[in-house]
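The structure appears below as structure tokens.
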Amino acid sequence: MKFTVLAGIVAGFGSFLFSQQEVSVVSARDNTLYEDPSGAVSNGAGVHVFAGKTNSGAIRRGLIFFDLSGSIPAGSTVTDVNVKLHMSKTAAGATDIKLHKVTASWGEGTSDAGSNEGSGATSTTGDATWIHRSFNTQTWTTAGGDFAPTASVTLSVTDTGVYQFGSTAQLVADVQGWVNDQSTNHGWIIIGDESTNQTAKRFDTRENATAANRPLLIVKYSIVNSVHTAGKTPNEFALHQNFPNPFNPATVIRYSIPVSGHVSLKVFDILGNEIASLVNEVKGAGTFTQKWNAAGLPSGLYFYRLTSGNFVSTKKMFLVK
């Protein structure tokens with residue numbers, strides 16, 4: 001709704017390119033962390049992951065990773081995120097399942113537990129284990145995985161079937177961060193009820209024979225590009241106030257160039273440090289709009305500066321989260 005309103009208002013500036021997109025991505029990696037002090041157990045190639053505690057009190061935690069490279073264009077604004085998981089086996093009773101953002105890279109080897117997979121299989125090279133990010137060369141900082149302490153989303157599950165972890169502000173923030181910097185994408189860890197025994201839930205992985213049961217990430221995102229405004233050639237240089245202002249996390253900057261020439265549009269923080277270079281190229285005469293997405297930056301006062309020939313103009317804008 002916010003972006004529909006934004007597009008309508010900014011349309012008054014001229015020809016403004018705005019599009020809402022949706023993409024569905026199947027998990028690219030998944031694995032289970034089986035509680036084991038030696039890290040000897042994993043299930044990289046298995047068709048299931050587990051979360052919760054077994055009858056004997058051993059903890060299980062699932063890992064899922066979705067590769068977004070090539071799926072969502074850089075500079076996009078993520079607006080909605082959903083994660084679909086198929087639970088194929090469960091102990092009795094409702095249980096909260098939580099997804100936490102993983103903060104370190106991890107691997108998926110060739111270990112394959114077979115059968116119901118609850119006990120895991122011998123770890124192979126590259127597997128994530130209870131103590132390893134990648135067996136047996138890289139370890140977690142904390143046994144059981146490195147992840148954000150606060151859950152990105154929580155959902156109560158009961159019977160077997162497909163569960164959709166609905167969009168939350170933190171899920172959106174997770175994916176937006178990965179779009180902004182793909183190197184930070186390490187997926188989520190699936191945490192079940194670890195307070196008591198016999199709570200383990202089994203979910204299907206990307207290796208599952210039934211395609212509809214594989215983990216699925218559904219992302220809605222918005223694209224606003226720099227667009228030349230059709231119409232009369234401007235008579236003078238101009239840098240207009242960004243809209244909206246204050247903003248969170250994206251805003252649009254409009255500027256006018258009366259003659260062809262090199263154009264530089266940069267963003268600075270309050271200390272004068274350059275934060276972003278939005279435009280750095282030769283442009284023909286005209287009026288243009290340029291989007292800036294400040295996701296990942298702290299709230300505060302920022303400055304944007306237009307330079308073209310002898311013209312220099314700077315304005316303020318406020319990021320409020």
Side-chain angles (χ1 to χ4, degrees), residues 25-69 83 85-89 97-149 151-152 174 177-178 181-194 197 199-209 213-217:
V25 182
V26 177
S27 61
R29 290 200 311 272
D30 31 52
N31 208 336
T32 298
L33 303 183
Y34 296 81
E35 187 177 21
D36 178 86
S38 66
V41 184
S42 190
N43 193 28
V47 298
H48 305 298
V49 295
F50 298 83
K53 266 190 173 181
T54 65
N55 295 351
S56 62
I59 296 174
R60 304 286 185 258
R61 294 173 177 172
L63 290 168
I64 51 172
F65 166 80
F66 299 90
D67 186 0
L68 300 179
S69 58
V83 180
L85 298 177
H86 180 260
M87 189 168 70
S88 54
K89 191 173 184 179
I97 296 293
K98 300 179 180 181
L99 303 185
H100 293 248
K101 183 176 69 171
V102 180
T103 57
S105 61
W106 52 273
E108 177 193 72
T110 59
S111 57
D112 190 349
S115 188
N116 289 320
E117 304 184 0
S119 298
T122 301
S123 303
T124 63
T125 301
D127 264 325
T129 78
W130 190 254
I131 65 172
H132 299 99
R133 294 193 290 118
S134 179
F135 184 82
N136 55 357
T137 58
Q138 296 176 303
T139 58
W140 300 107
T141 301
T142 304
D146 299 335
F147 52 90
S152 298
D174 290 351
W178 300 341
D181 184 355
Q182 294 183 25
S183 68
T184 65
N185 182 7
H186 308 302
W188 290 287
I189 192 167
I190 309 169
I191 305 290
D193 182 359
E194 300 177 355
N197 295 357
T199 60
K201 308 292 184 182
R202 188 183 78 183
F203 298 91
D204 296 334
T205 70
R206 70 184 184 94
E207 291 90 356
N208 197 276
N213 292 347
R214 298 167 187 165
L216 188 68
L217 174 65

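When side chains are defined from C-beta on, Asn208 counts as touching His48, because their heavy atoms get closer than 4.5 Å. At least one side-chain heavy atom of Trp178 sits less than 4.5 Å from a side-chain heavy atom of Thr184. Residues Arg202 and Asn116 have side chains in contact (heavy-atom distance under 4.5 Å, counting atoms from C-beta outward). Looking at Ser152 and Trp188, their side chains come closer than 4.5 Å, going by heavy atoms from C-beta outward. Residues Phe147 and Ile191 have side chains in contact (heavy-atom distance under 4.5 Å, counting atoms from C-beta outward). For the pair Phe203/Asp30, no side-chain contact is recorded, criterion being any heavy-atom separation below 4.5 Å from C-beta on. Between Trp130 and Ile59, some side-chain heavy-atom pair lies under the 4.5 Å cut-off.
Between the side chain of Arg214 and the backbone N or O of Ser27, no donor-acceptor pair lies under 3.5 Å. Side-chain atoms of Trp140 come within 3.5 Å of backbone atoms of His132 as a donor-acceptor pair (strictly under, hydrogens ignored). Distance alone, capped at 3.5 Å, places no donor-acceptor pair between the Thr129 side chain and the Ala40 backbone. Counting only distance, with no hydrogens or angles, the side chain of Ser123 and the backbone of Gly39 share a donor-acceptor pair below 3.5 Å. With hydrogens and angles ignored, the 3.5 Å screen pairs no side-chain donor or acceptor of Ser134 with any backbone N or O of Gln138. No donor-acceptor pair closer than 3.5 Å links the side chain of Asn213 to the backbone N or O of His86. At distances below 3.5 Å, not a single donor-acceptor pair connects side-chain atoms of Asp181 with backbone N or O atoms of Gly177. For the pair Thr32 (side chain) and Asn43 (backbone), a donor-acceptor distance under 3.5 Å is absent.
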When you look at Asn55 and Asn197, which way does the side-chain contact (heavy atoms from CB on, under 4.5 Å) test go after all the steps?
CA-CA 5 Å; Asn55 295 351; Asn197 295 357; 5.9 Å; no
Check step by step if side-chain contact (heavy atoms from CB on, under 4.5 Å) holds for Leu85 and Ile190.
CA-CA 10 Å; Leu85 298 177; Ile190 309 169; 4.0 Å; yes
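Between Ser111 and Gly44, the shortest heavy-atom contact is OG-N, 2.8 Å. Across every non-hydrogen atom of Val41 and Gly120, the tightest pair is CG1-CA, 3.6 Å. Of all non-hydrogen atoms in Val25 and Asp67, the two that sit nearest each other are CG1-O, 3.6 Å.
Side chain to side chain, Asp204 and Ser88 meet the donor-acceptor criterion of an N or O pair below 3.5 Å.
Residue pairs meeting the salt bridge (Lys or Arg N to Asp or Glu O under 4.0 Å) criterion with at least one member in residues 49-64, sequence neighbours excluded: Arg61-Glu194. Applying the salt bridge (Lys or Arg N to Asp or Glu O under 4.0 Å) rule to pairs touching residues 112-136 yields nothing, sequence neighbours excluded.
Ring geometry for Phe50 versus Tyr34: interplanar angle of 30 to 60°, hence tilted.
By the side chain to side chain donor-acceptor pair (under 3.5 Å) test, Asn136 is found to be paired with no residue, residues two or more places apart in sequence or in another chain being considered.
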